[in-house]
S.K.: 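The structure follows.
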There are 2 protein chains.
Amino acid sequence: MSIDKKTTIREVARFANVSIGTVDRVLNNRGNVSLEKEKAVKEAVAKLQYEPNRVAQSLAKQRRKVKIGITFPDVERYFWAKVKDGIDRAEKELQPLGVEFVVHTTSSYNIEEQVNALEALKNQGVHGICMVPHHFQKLNSTIDAYAEAGIPIITFISDSPESRRLAYMGVDDVKSGETAAKLMGLYLKGKGKILIFAIHREVLCIDERIQGFLHKLHSEFPEIEVMNVYDVSGGNHLYDYENYQDDVQHLTERILLEYEDLQGIYVTNSLTNYVGRAALSLGFQDKLSIIGHETTEDTRHLMATNTIDALVCQTPDIEVYYAAKQMYEYLAVPSKPLNLKFKRRSTILINELL
Amino acid sequence: MSIDKKTTIREVARFANVSIGTVDRVLNNRGNVSLEKEKAVKEAVAKLQYEPNRVAQSLAKQRRKVKIGITFPDVERYFWAKVKDGIDRAEKELQPLGVEFVVHTTSSYNIEEQVNALEALKNQGVHGICMVPHHFQKLNSTIDAYAEAGIPIITFISDSPESRRLAYMGVDDVKSGETAAKLMGLYLKGKGKILIFAIHREVLCIDERIQGFLHKLHSEFPEIEVMNVYDVSGGNHLYDYENYQDDVQHLTERILLEYEDLQGIYVTNSLTNYVGRAALSLGFQDKLSIIGHETTEDTRHLMATNTIDALVCQTPDIEVYYAAKQMYEYLAVPSKPLNLKFKRRSTILINELL
DNA sequence: CTGTTAGCGCATTCAT
DNA sequence: ATGAATGCGCTAACAG
């Protein structure tokens, strides 16, 4: 932990016996520097551990604000509100460095709508975009085209791995699914009949969770039987309408009444909240172990009543935050390499922790 | 595209027929401005829609250095190394704002040594201190004296709640203990005989974990029996010597051989690592559920072999980071209220998540 | 009370 | 190829 204050370009210049102009030239390799001076400067930089002061940098070059565009489906207020928090945080931190954010949310997981959002962002003159791909591959060509056009894209929350996106910031969803399976096994003491409630699997993160869940369940808890996998997304345009959440709840109630000796439900996403509501309204909370994802508005209540037993959670706020920061780094210093795959660990939430 | 050429403080000054100094005064209400000029400036600000340039602001501000002191026991390299990471991060972020850090670690949980560290920090002219109290109340008077002397103190990781520290940044350790108990119950399927390995309980966070653990265990898993609570700290000066970690391992081996039908061990802190090593070396990994705290050097291996079943973890890096940031906020803008109790949620780690 | 001025660290001319 | 000088917008110290 160094107590020494930041070394400046001036000190580097003095150390290398050159002018700050020369230091600037080699630092931003603009050429026109003799080989020996260049070497001297580089040595000085290394020895003094010089790092440019970004604040001064952006002040001096009156940096035309670098604009970062962000788009994500703003469909479930609790989960996506955290994304907004993360953006706020990034904005607060990056604003002094001349960064400006432009946000365009979509109201569904519709692909066309997302393409339009991207277009809108581009028209606003953003220099880079952070997005949550609505499809695991149908957006590849679009993403590639943007990359081609000089607008790099970073994905977060869910990925589009075969595209030329710059990076992905999110959790390892296969492991999230495995973790959910382990929790299911523990809470059921290794046996019972369960159901899976999923939404459309074209969003990669959802599919990966299911894969992980099933794999883990089969290999470690052979006595737990998955009776059915329900798609509760209501078609391709999930969330296109107002009361989808209530619909999920009613659908769940109907399904729950169909099954006699059901002991568990795994829900692949934040709709866990509404599945939980259904179970509670039917009084099934004690004979059912619900394992799901994400904290939502009723989390506290549903966990306190032991309706939901465990949740595997992401931290969407931190993920956008890092996505935005990485984008800034890339835009500010394109030469510097960046974490291409930044995977965060999911988090387990049980009521003892609340 | 926004071509808004920002209006500057200079333009406001000209518009209001005053100097930029005066504008600055009313903008940051430092007083000493006549009522009419103040009014004129405010009008100009409103009319020109002036907004201060944050970049220039922080560039200019970084002259007034504020020194923040930090002290913590640097006794177990893995856990406390993360604290250093957090400090580095805070330093990197706050340095452009003129903040300087001074760190003094202690090599034990000895109280006198901590008092000396505090003294050293004070002598270096720090404006505020972040610390991990070595005792839940014996440091109260010292902390109060520092507060009295105008050097505010923020505690992190562990608290000294009856002192006049400004704030505490850390997890809720009672809940951490309860969570550990729940996990123990789940992994043992509700019954069995267990042991508790603790270190000295004068460090509040340890005591709270034990309290939480026992309370939860008794109320929810009455068929789990705690056979004994071992103090593996080796007296008041835990960690004062080189090989304490190996000693813990050997001690554990001896204890393990004493108990016949032992099914679980709860370890109150990061010594879980060495308890795990002992269990593994004796080949006990399959007949024993070990629940503990914190990730350490062997976490991956010990979990992969199912020696350690679950860990309840903190994020010490984030906790110092916030402690430092809060301290900065307090020092920079004393009038602004701050989060007095910032409790983070602990995190559960199981091998599926690794 | 008020105005003037010297930097903050860097980029960018403009001379040499 | 190199160095010196100017200024980005603001804060703070210093004169009045």
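In what follows, chains carry the letters A, B, and so on, assigned in the order in which the sequence lines appear, proteins first and then strands, with residues in each chain numbered from 1. It should be emphasised that the depicted structure is a prediction, and the values quoted were computed from it without experimental measurement. We use all heavy atoms of the structure for the numbers below, so side chains are in, but hydrogens, waters and symmetry mates are not.
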S.K.: End-to-end bend of the helix from C/dC1-D/dG16 to C/dT16-D/dA1 (five-pair axes, 10° rounding)?
M.R.: 50°
S.K.: State whether the side chain of B/Trp80 and the backbone N or O of B/Pro73 hold a donor-acceptor pair below 3.5 Å, judged by distance alone.
M.R.: yes
S.K.: Testing the 3.5 Å rule here: is there a donor-acceptor pair between the side chains of A/Lys84 and A/Thr105?
M.R.: no
S.K.: Could you list the residues that satisfy side-chain contact (heavy atoms from CB on, under 4.5 Å) with A/Ser34, not counting sequence neighbours?
M.R.: A/Glu36, A/Lys37
S.K.: Donor-acceptor pair, A/Thr315 side chain versus A/Asp317 backbone, under 3.5 Å?
M.R.: no
S.K.: Distance alone, cut at 3.5 Å: any donor-acceptor contact between the side chains of A/Asp144 and A/Asn140?
M.R.: no
S.K.: Quick check against the 3.5 Å criterion: does A/Glu93 have a side-chain atom that pairs as donor or acceptor with the backbone of A/Ala90?
M.R.: no
S.K.: Respond yes when some side-chain nitrogen or oxygen of A/Asn32 is under 4.0 Å from OP1 or OP2 of D/dA1, and no when none is.
M.R.: yes
S.K.: A/Arg54 CZ to C/dC10 P: how many Å, rounded?
M.R.: 11 Å
S.K.: Whether the A/Glu113 and A/Ser107 side chains hold a donor-acceptor pair (N or O, under 3.5 Å, no angle test) is what I'd like checked.
M.R.: yes
S.K.: Please confirm whether the backbone N or O of A/Leu121 pairs with a side-chain atom of A/Gln124, one donor and one acceptor, at under 3.5 Å?
M.R.: no
S.K.: D/dG3 phosphate, OP1 or OP2: any side-chain N/O from A/Ser19 under 4.0 angstrom?
M.R.: yes
S.K.: Can you work out whether A/Ile9 or B/Ile20 has the more 5'-proximal nearest nucleotide on DNA chain C?
M.R.: B/Ile20
S.K.: I want to check one thing: is the phosphate of C/dG3, taken as OP1 and OP2, less than 4.0 Å away from some side-chain N or O of B/Thr22?
M.R.: yes
S.K.: Mind checking side-chain contact (heavy atoms from CB on, under 4.5 Å) for A/Asp172 and listing every partner two or more places apart, or none if nothing turns up?
M.R.: A/Val174, A/Lys175, A/Lys343
S.K.: B/Gln57 side chain N/O closer than 4.0 Å to the phosphate oxygens (OP1, OP2) of D/dG9?
M.R.: no
S.K.: Is there a side-chain polar atom (N or O) of A/Ser34 under 4.0 Å from OP1 or OP2 of D/dT2?
M.R.: yes
S.K.: Rounded to the nearest Å, what distance is computed from the CG atom of residue A/Asn17 to the P atom of nucleotide D/dT2?
M.R.: 13 Å
S.K.: Start at the 5' end of DNA chain D and walk down; is the nucleotide closest to B/Gly21 or to B/Ala56 reached first?
M.R.: B/Ala56
S.K.: A/Leu27 has an atom CG; how far is it from atom P of C/dT12, in whole Å?
M.R.: 13 Å
S.K.: Strictly below 4.0 Å, heavy-atom distances to any atom of DNA chain C: list the hits from residues 36-52 of chain B, or just say none.
M.R.: B/Lys37
S.K.: Between B/Glu11 (CD) and D/dG9 (P), how many Å, whole number?
M.R.: 8 Å
S.K.: What is the distance, to the nearest angstrom, from the CG atom on B/Asn53 to the C1' atom on D/dT11?
M.R.: 13 Å
S.K.: Going by atom types only, do B/Tyr78 and B/Glu294 share a side-chain donor-acceptor pair under 3.5 Å?
M.R.: no
S.K.: Check for a donor-acceptor pair, side chain of B/Tyr146 on one end and backbone N or O of B/Glu119 on the other, with a separation under 3.5 Å.
M.R.: yes
S.K.: Compile the donor-acceptor pairs under 3.5 Å between side chains in residues 14-22 of chain B and protein atoms, sequence neighbours left out, one pair per line.
M.R.:
{"unit_1": "B/Ser19", "atom_1": "OG", "unit_2": "B/Gly21", "atom_2": "N", "d": "3.4"}
{"unit_1": "B/Ser19", "atom_1": "OG", "unit_2": "B/Thr22", "atom_2": "N", "d": "3.3"}
{"unit_1": "B/Ser19", "atom_1": "OG", "unit_2": "B/Thr22", "atom_2": "OG1", "d": "3.4"}

S.K.: Could you go through nucleotides 14-16 of chain D and list every protein N or O atom that sits under 3.5 Å from one of its N or O atoms, giving the distance for each pair?
M.R.:
none

S.K.: Calculate the interatomic distance between A/Arg10 atom CZ and D/dA5 atom C1'; express it in whole Å.
M.R.: 11 Å
S.K.: Looking only at side-chain atoms of B/Asp24, point me to the closest of D/dT11, C/dG9, D/dC10.
M.R.: D/dT11
